[in-house]
Amino acid sequence: QVGWYNAVLQPAFQLPYPDDTLAFVVLSTPSMFDKALKPFVNKERLKIIRDPVDQCVSHHLSRVKEEFPDQKVDVMFDYEVLPSRKPKFLAQTAAHVAGAAYYYQRKDVKLDPWGNKKIYGVCIHPKYGGWFAIRGLLLFPDIQVPFLEQPAPVDCVSTEEKRIELLEQFNFHWQDGCYRDIIEVKERYSEEQKAYFATPPAERFRLLGLTQEAQ
């Protein structure tokens with residue numbers, strides 16, 4: 001329910017829907033790279049591709065919309081911002097309140113060792129650890145679900161020590177990706193996918209076999 005999300009945020013970040021409106025948080029799993037992104041790029045090879053991942057996600061969520069011709073479906077993407085430069089929605093908060101992944105934040109650590117440092121939170125999935133991404137929201141404005149029970153996200157980094165380690169790794173060593181393996185994971189990114197996301201965006205086209213013209 002949209003109300004679960006709005007209940008934990010200040011009015012400036014709340015979504016303009018009734019509390020019992022149905023919404024889905026869309027995650028991408030490690031297999032998205034091979035099952036969705038590469039086929040999408042091959043199919044769209046002769047068209048203009050500016051950001052392969054964003055355009056791939058947009059393509060697939062548009063197809064979801066087409067499956068509901070009689071319903072109004074609003075789509076929000078994780079990369080979209082409002083004119084004020086605020087994000088359209090806070091992806092990690094949405095994942096947490098939907099029960100999809102646990103959003104570990106500074107307030108989840110009792111003995112805070114960071115003093116005046118700015119510490120960002122991070123979502124961890126019980127199956128994929130940090131090897132996943134939150135891609136968007138699907139909202140159904142005409143569907144109300146007052147009976148829906150809110151599922152709690154799985155608290156898979158449950159000790160104080162591990163939470164400190166997670167936030168330390170994410171905030172100060174995020175480039176090496178170690179935070180993603182804070183728990184035992186069932187699946188992680190392939191070496192090819194790791195290389196793709198570790199490459200500066202302007203150079204990623206080459207890794208997908210795209211020419212300058214396709215860019």
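Values in this document were obtained by computation on a predicted structure and should not be read as measured data.
No more than 12 heavy atoms of other residues, nucleotides or ligands lie within 6.0 Å of NZ in Lys127, so this atom counts as exposed by the packing criterion. Shown here is Glu149, whose CD atom has no more than 12 heavy atoms of other residues, nucleotides or ligands within 6.0 Å.
The CD atom of Glu192 lies 8.0 Å from the CG atom of Leu207; values are rounded to the nearest 0.5 Å. Between the CZ atom of Phe205 and the CD atom of Glu203 there is a distance of 11.0 Å, given to the nearest 0.5 Å. If you take CG on Leu167 and CG on Asp112, they are separated by 9.0 Å, rounding to the nearest 0.5 Å. Note that CG of Asn171 is 9.0 Å distant from CZ of Arg106, once rounded to the nearest 0.5 Å. Taking CG of Asp54 as the reference point, atom CG of Asp78 lies at 6.5 Å (rounded to 0.5 Å). Taking NZ from Lys162 and OG1 from Thr159, the interatomic distance works out to 7.0 Å, rounded to the nearest 0.5 Å.
Looking at Asp108, its side chain does come within 3.5 Å of a backbone N or O of Gln105 through a donor-acceptor pair. The backbone N or O of Gly121 sits less than 3.5 Å from a side-chain atom of Gln92, completing a donor-acceptor pair. Lys88 contributes no side-chain N or O that, together with a main-chain N or O of Met76, makes up a donor-acceptor pair within less than 3.5 Å. In terms of modelled atom types and a separation under 3.5 Å, the side chain of Tyr102 and the main chain of Val122 share no donor-acceptor contact. A donor-acceptor pair is defined here as one N or O able to donate and one able to accept, closer than 3.5 Å; no such pair exists between the side chain of Gln169 and the backbone of Gly177.
Side-chain N/O atoms of Thr199 and Arg204 include no donor and acceptor closer than 3.5 Å.
Smallest separation of non-hydrogen atoms from Ala101 and Cys123: CB-CB, 4.1 Å. Of all heavy-atom pairs between Pro18 and Val2, the closest is O-CB, 3.9 Å. Scanning both residues, Arg135 and Ser28, for their nearest heavy atoms gives NE-OG, 3.0 Å. Across every non-hydrogen atom of Leu82 and Pro87, the tightest pair is CD1-O, 4.1 Å.
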- For Glu165 and Glu160, what are the C-alpha separation, side-chain angles and deciding distance, and is it a side-chain contact (heavy atoms from CB on, under 4.5 Å)? CA-CA 9 Å; Glu165 183 185 340; Glu160 177 91 349; over 6 Å; no
- Message: Could you walk me through whether Val25 and Leu27 satisfy the side-chain contact (heavy atoms from CB on, under 4.5 Å) test, starting with their C-alpha distance in whole Å, then the side-chain angles of each, then the deciding distance to 0.1 Å, before giving a yes or no?
- Response: CA-CA 7 Å; Val25 179; Leu27 308 181; 4.1 Å; yes
- Query: Can you check side-chain contact (heavy atoms from CB on, under 4.5 Å) on Val97 and Val8, steps first, answer last?
  - Reply: CA-CA 9 Å; Val97 299; Val8 298; 4.0 Å; yes
- Query: When you look at Val41 and Cys56, which way does the side-chain contact (heavy atoms from CB on, under 4.5 Å) test go after all the steps?
  - Reply: CA-CA 8 Å; Val41 166; Cys56 172; over 6 Å; no
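His125 is linked by a ring pair (Phe, Tyr, Trp, His ring centres under 6.0 Å) to Tyr128, Phe132, counting only residues two or more places apart in sequence or in another chain. Listed by chain and number, the residues in a side chain to side chain donor-acceptor pair (under 3.5 Å) with Gln193 amount to none (sequence neighbours excluded). For Gln55, the side chain to side chain contact (heavy atoms under 4.5 Å, CB included) test picks out Phe40, Ile49, Arg50, with sequence neighbours left out. Here Asp155 pairs with Tyr104, Arg163 under the side chain to side chain donor-acceptor pair (under 3.5 Å) rule; sequence neighbours left out. The side chain to side chain contact (heavy atoms under 4.5 Å, CB included) test applied to Phe77 returns Val57, Ser58, Leu61, Val75, Tyr79, Glu80, not counting sequence neighbours. Thr21 meets the side chain to side chain donor-acceptor pair (under 3.5 Å) test with Gln144; sequence neighbours excluded. Residues meeting the side chain to side chain contact (heavy atoms under 4.5 Å, CB included) test with Phe172, sequence neighbours left out: Trp114, Lys117, Ile119, Glu168. Looking at residues two or more places apart in sequence or on another chain, you find no side chain to side chain donor-acceptor pair (under 3.5 Å) involving Ser62. Scored by the side chain to side chain contact (heavy atoms under 4.5 Å, CB included) test, Leu148 finds Gln1, Trp4, Leu22, Val145 as partners (sequence neighbours excluded).
Asn42 has its side chain out of reach of Leu208: every pair of non-hydrogen atoms, C-beta onward, lies at least 4.5 Å apart. A 4.5 Å side-chain heavy-atom check between His173 and Cys178 finds every atom pair outside the cut-off. When side chains are defined from C-beta on, Leu9 counts as touching Leu90, because their heavy atoms get closer than 4.5 Å. Side-chain contact between Lys43 and His59: present, with at least one pair of heavy atoms (C-beta onward) separated by less than 4.5 Å.
Residues Phe147 and Tyr5 share a hydrophobic cluster, clusters being chains of Ile/Leu/Val/Met/Phe/Trp/Tyr side chains in contact below 4.5 Å. A continuous path of hydrophobic side-chain contacts links Phe170 to Ile164 [ILVMFWY only; heavy atoms under 4.5 Å]. Leu139 and Val26 fall within the same hydrophobic cluster, where Ile, Leu, Val, Met, Phe, Trp and Tyr residues are linked whenever their side-chain heavy atoms come under 4.5 Å apart, directly or through other members.
Taking the ring centre of Phe33 as origin, the terminal cationic atom of Lys35 falls outside the region bounded by 6.0 Å and 45° from the ring axis.
Among residue pairs with one or both ends in residues 7-16, none qualify as side-chain hydrogen bond (donor to acceptor under 3.5 Å, both in side chains); sequence neighbours excluded. Here ring pair (Phe, Tyr, Trp, His ring centres under 6.0 Å) pairs that include residues 6-30, with residues two or more places apart or in two chains, are Phe24-Phe140.
For the pair Glu66 and Arg63, the salt-bridge criterion is not met [side-chain N within less than 4.0 Å of a carboxylate O].
Between Tyr189 and Phe197, the ring-plane angle classifies as tilted under the 30° and 60° cut-offs.
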Distance-only donor-acceptor hits, side chain of residues 179-186, under 3.5 Å, sequence neighbours excluded:
unit_1: Arg180; atom_1: NH1; unit_2: Gly130; atom_2: O; d: 2.7
unit_1: Asp181; atom_1: OD1; unit_2: Trp131; atom_2: NE1; d: 2.9
unit_1: Asp181; atom_1: OD1; unit_2: Arg188; atom_2: NE; d: 3.3
unit_1: Asp181; atom_1: OD1; unit_2: Arg188; atom_2: NH2; d: 2.7

